[in-house]
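These numbers come from a predicted model, not from an experiment. Positions are given from 1 along the sequence.
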Amino acid sequence: MRDETTTNAIRERAEALNGQTVSVLLLGGQTLAGTLTYTSGTGTFGITQWPTLLTVNVGGKAQSVRLDDVSAIGLG
């Protein structure tokens, strides 16, 4: 299990790159390249709600990935 600091960094990186073409490196070594969709929401009392999934559109097909399966996200 990964620590909270790493999880937060991946969440923030995913949100910053939302809508851009990215490469998502998964823990098993596989890479997905496509357009990223990931946005947080605001819940009760203004608390940030982070989705547990991100979506990468690869060749017109949406691939949902659990956030805890992501090891890195980069442009391109």
Side-chain angles (χ1 to χ4, degrees):
M1 182 153 209
R2 102 170 94 213
D3 65 28
E4 192 66 22
T5 302
T6 303
T7 299
N8 288 340
I10 290 173
R11 286 177 182 155
E12 290 170 5
R13 180 78 169 152
E15 188 168 47
L17 295 175
N18 181 50
Q20 297 186 46
T21 300
V22 298
S23 292
V24 177
L25 180 61
L26 304 178
L27 290 176
Q30 181 181 5
T31 301
L32 294 174
T35 304
L36 176 68
T37 302
Y38 186 85
T39 56
S40 64
T42 303
T44 307
F45 305 112
I47 296 171
T48 301
Q49 294 181 319
W50 295 99
T52 58
L53 296 174
L54 59 79
T55 304
V56 181
N57 189 331
V58 180
K61 184 174 180 182
Q63 302 288 324
S64 294
V65 179
R66 288 179 18 174
L67 198 62
D68 58 355
D69 287 338
V70 175
S71 62
I73 302 171
L75 282 174

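Remark: Ser40 engages Glu15 in a side chain to side chain donor-acceptor pair (under 3.5 Å) (not counting sequence neighbours). For the side chain to side chain contact (heavy atoms under 4.5 Å, CB included) test, residues two or more places apart in sequence or in another chain that qualify with Glu4 are Asn8, Arg11. Applying the side chain to side chain contact (heavy atoms under 4.5 Å, CB included) criterion to Thr21, with sequence neighbours excluded, gives Thr35. Looking at residues two or more places apart in sequence or on another chain, you find no side chain to side chain donor-acceptor pair (under 3.5 Å) involving Ser71.
Counting heavy atoms from C-beta on, the side chains of Gln49 and Thr42 never come closer than 4.5 Å.
Trp50 belongs to a hydrophobic cluster with Ile10, Leu17, Val22, Val24, Leu26, Leu32, Leu36, Tyr38, Leu54, Val56, Val58, Val65, Leu67, Val70, Ile73, Leu75, counting contacts under 4.5 Å between side-chain heavy atoms of Ile, Leu, Val, Met, Phe, Trp and Tyr, direct or through other members. The hydrophobic cluster containing Phe45, built from Ile/Leu/Val/Met/Phe/Trp/Tyr side-chain heavy atoms closer than 4.5 Å, comprises no other residue.
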